[in-house]
Amino acid sequence: MREVKIEATLEVYDDISELPKAVKNLMNSAIEARNNAYAPYSKFNVGAAILLENDEVVIGSNQENACFPSGLCAERTAIYYAGAKYPGTKILMLAITASSQNQVTDKPIPPCGACRQSIAEYEIKQEQPIEIYFMGAKGKVVKSNSLANLLPLLFENSVL
Ligand code: THU
């Protein structure tokens with residue numbers, strides 16, 4: 001037996017104002033998208049914005065449904081739209097912001113497991129890391145240089 005250690009390094013910014021300009025703009029697009037979340041059940045709004053290599057920005061927000069599992073997270077709404085509209089165009093960055101309608105969300109909210117798996121598919125397909133930035137409604141912003149940092153031991157298509 002031997003132990004295997006899995007490590008990830010993340011960067012933490014104190015505030016959105018500390019981000020480089022292009023990232024700040026992208027996070028502002030995610031904040032705008034968050035306002036269009038349809039979240040009457042969870043009261044939890046999430047916005048996502050994707051920057052593509054052709055400079056296009058694709059946004060998404062969570063869209064809920066009375067049949068709960070039929071709803072979709074913001075990140076997947078955005079990334080599937082990017083894949084559908086710009087199939088061969090690489091994804092450079094993804095910015096995510098989440099806010100509760102009931103309380104101030106000042107902690108960074110990372111993407112859920114299903115979204116990580118979905119984002120991973122595109123990172124593997126394009127053979128280039130996607131930078132991920134996530135925050136709450138305010139406060140710290142966390143950066144991961146690659147989705148791979150957030151999902152060790154992911155399920156990959158090479159095993160199929
Ligand atoms: N949600 C997202 O949009 N992204 C995530 O990564 C986690 C959760 C949404 C789904 C649901 O509409 C609400 O947040 C509460 O789970």
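Just follow the structure's listing: the first ligand is 1, and inside any ligand the first atom is 1.
- Pairs engaging residues 130-160 under the ring pair (Phe, Tyr, Trp, His ring centres under 6.0 Å) rule: none recorded [sequence neighbours left out].
- Against a heavy-atom cut-off of under 4.0 Å, Pro111 is close to the following atoms of ligand 1: 6 (O).
- If you look at Ser42 next to ligand 1, the close heavy atoms, those under 4.0 Å, all belong to the side chain.
- On a distance-only criterion, Ala74 and ligand 1 share at least one N/O pair closer than 3.5 Å.
- For Leu72, no nitrogen or oxygen atom sits less than 3.5 Å from a nitrogen or oxygen atom of ligand 1, counting backbone and side chain alike.
- Close approach of ligand 1 to Cys112 is summarised as follows: ligand atoms under 4.0 Å from at least one heavy atom of the residue are 5 (C), 6 (O), 7 (C).
- Distances from ligand 1 to the non-hydrogen atoms of Ala39 include no value under 4.0 Å.
- In the model, Arg34 has a side-chain atom that pairs as donor or acceptor with a side-chain atom of Ser99 under 3.5 Å.
- When atom types are taken as modelled, the side chain of Glu75 and the backbone of Cys115 share no donor-acceptor pair closer than 3.5 angstrom.
- The protein non-hydrogen atom at the shortest distance from atom 11 (C) of ligand 1 is Glu64 OE2, 3.2 Å.
- Among pairs with a residue in residues 23-32, none fulfils side-chain hydrogen bond (donor to acceptor under 3.5 Å, both in side chains), at least two apart in sequence or across chains.
- Shortest contact from atom 4 (N) of ligand 1 to any protein heavy atom: Glu75 OE1, 2.8 Å.
- Within the model, atoms CG of Asn62 and CD of Glu64 stand 5.5 Å from one another, a figure rounded to the nearest 0.5 Å.
- Every atom of ligand 1 is numbered from 1 in the order shown, and the set under 4.0 Å from a heavy atom of Cys73 is 1 (N), 2 (C), 3 (O), 4 (N), 5 (C), 7 (C), 8 (C), 10 (C).
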